[in-house]
Amino acid sequence: MRRFDDLLRQGLMDANLAQYQRVLQGVDASGPDFSPGYLRERMGLLTDPQGWERRKTRPAPRRRLPRGMAAAIAVLLLVTAAAAVTVSLWVSYFGGLDRRQQEIVGGMEVGGEAEKTAAESLLPPPVEHDGVTVTPLRLLGAKNKLYLVLEIRAPEGTVFSTEDDYFLFGGLSLPAERRTEMAAVTGSFTVLEAGTRDPNVLVGVAEETASFDIGGCPFIVRALYRSTPDGERETVFEASDNVTWKTGTWDIPIPEGLNGDQVLELPVDGVSMTDGRKTMTLLSMSVSPLGIWWKYRQEGVDPWPRVRIALRMKDSSEITAAPGQLTMGDMGSGCTAAVDFEKPVDLTQAEAVLWGDVEIPLEQPEQSPE
């Protein structure tokens with residue numbers, strides 16, 4: 001069985017390489033195809049092609065932090081632990097937030113409330129076994145989008161270094177009782193601190209975009225791998241069941257209805273548009289300060305359609321969604337698609353969703369009188 005799993009994994013990696021080889025050749029890896037930089041890019045593509053593509057199409061500050069900034073964030077983590085100035089972490093992670101964006105994050109974040117207990121804040125508890133403890137520190141999410149700050153304490157003797165690259169093998173998992181249709185997740189892990197407070201402690205942000213509602217789903221950590229500047233790759237730790245990955249993992253439950261009061265469900269059933277050789281008809285659409293999720297049916301040719309998504313604001317400006325777009329499903333029961341914003345958006349200042357060439361008014365919830 002293990003031999004079959006190895007052959008299947010190698011076959012999938014070969015297929016990814018064949019599909020993305022031309023793209024990979026255009027990446028600036030600071031060296032030829034046998035250099036450590038190229039080998040790191042190649043491994044990142046083969047293990048997570050969708051996540052790799054998203055990282056390459058996004059602006060850099062949120063994905064790869066300069067060494068000095070990573071150290072500064074580590075200091076901020078210590079400060080926030082003592083003074084509860086939690087929003088500074090997100091300011092650094094998103095590459096800057098204005099005052100209104102900070103208020104939005106502060107209102108949505110789970111785990112930053114100094115006056116609340118862990119139970120009151122809905123922050124999942126630490127998970128420990130095999131000498132590894134994974135502790136959620138902060139949680140920001142809604143509908144299909146999740147940002148999860150994790151502290152990983154490895155066994156004594158492990159030494160994390162800011163000079164190495166780390167790949168967290170894990171992500172959101174749809175519970176078995178909800179697996180009624182195809183689902184997909186894509187994500188990344190950005191290291192904020194590596195061995196700064198204690199040599200065996202790593203802190204980073206796991207970012208996930210899902211084709212389904214993340215509420216009530218576990219975030220599962222399966223393994224952590226390290227790549228050195230010399231191109232060597234090693235396992236820091238992994239689940240005891242590293243064949244099926246069904247046991248021995250570190251499972252972090254995500255609260256149900258996470259920030260559901262800040263998600264707008266738009267009346268879009270039947271709204272359609274025609275683009276080229278396909279017609280797309282909406283079934284539903286949800287908008288949160290973090291992103292947009294929609295379900296639709298399609299007629300015509302285009303197995304993986306992509307649609308321009310933006311918000312038109314009250315001042316006539318537009319906020320375009322990030323270039324990465326996750327699409328999953330089949331043409332019979334309907335497809336789902338999800339995009340996120342580069343930074344949290346103030347929906348009270350938005351007028352409409354621009355879905356391709358279709359404008360969908362954004363109906364705001366009624367404000368209760370004060």
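The model shown is predicted, which means the values in this text are computed figures rather than measured ones. Here, residue 1 is the first one in the sequence, and each next residue gets the next number. FYI, side chains are in, hydrogens and waters are out, and symmetry mates aren't considered; it's all heavy atoms of this structure.
Here the side chains of I214 and K143 are not in contact, with every heavy-atom distance at 4.5 Å or above. Here the side chains of L354 and I309 are not in contact, with every heavy-atom distance at 4.5 Å or above.
Residue E256 places its CD atom among 12 or fewer non-hydrogen atoms of other residues, nucleotides or ligands, all under 6.0 Å distant.
The main-chain N or O of T336 is never found under 3.5 Å from a side-chain atom of W294 such that the two would form a donor-acceptor pair. Listed for the N259 side chain is a donor-acceptor partner under 3.5 Å among the backbone atoms of G141. Listed for the H129 side chain is no donor-acceptor partner under 3.5 Å among the backbone atoms of A239. Here the side chain of Y166 pairs no donor or acceptor atom with the backbone of G204 at under 3.5 angstrom. Side-chain atoms of D346 come within 3.5 Å of backbone atoms of T348 as a donor-acceptor pair (strictly under, hydrogens ignored). Checking side-chain atoms of E318 against main-chain N and O of A310 turns up no donor-acceptor pair under 3.5 Å. With T249 contributing its side chain and D251 its backbone, the two residues share no donor-acceptor pair below 3.5 Å. No side-chain donor-acceptor contact under 3.5 Å links R312 to the backbone of S317. Side-chain N or O atoms of E299 include none that pairs as donor or acceptor with a backbone N or O of T279 at under 3.5 Å.
The closest side-chain donor-acceptor pair between T186 and T209, if any, does not fall under 3.5 angstrom. Checking T244 against D241 by side-chain atom types alone, a donor-acceptor pair falls below 3.5 Å. Side chain to side chain, S288 and Q262 fail the donor-acceptor criterion of an N or O pair below 3.5 Å.
Under a cutoff of 6.0 Å and an axis angle of 45°, K145 and Y147 form a cation-pi pair.
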Self-check item: Residue pair E234, R226: steps toward the salt bridge (charged side-chain N to carboxylate O under 4.0 Å, His left out) verdict
Solution: CA-CA 5 Å; E234 63 180 29; R226 180 204 325 255; 2.7 Å; yes
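Considering P136, C217, P218, P124 in turn, P124 is the only one that fulfils the side-chain contact (heavy atoms from CB on, under 4.5 Å) rule with P253. Partner of I152 under the side-chain contact (heavy atoms from CB on, under 4.5 Å) criterion, chosen from V201, V203, L168: L168.
Using a 30° and 60° split on the angle between ring planes, F167 and F169 fall in the parallel class, below 30°.
In this structure, the ring of W250 has its center less than 6.0 angstrom from the ring center of F237.
In summary, R99 and E103 do not engage in a salt bridge, as defined by a charged side-chain N under 4.0 Å from a carboxylate O. Here R153 pairs with D198 in a salt bridge; the nearest charged N to carboxylate O distance falls below 4.0 Å.
Scanning all heavy atoms of the two residues, the minimum distance from W90 to R138 falls at CZ2-CB, 3.8 Å.
Partners of D357 according to the side-chain hydrogen bond (donor to acceptor under 3.5 Å, both in side chains) rule, which considers only residues two or more places apart in sequence or in another chain, do not exist here.
One finds the CG atom of L266 at 5.5 Å from the CG atom of L362 (value rounded to the nearest 0.5 Å).
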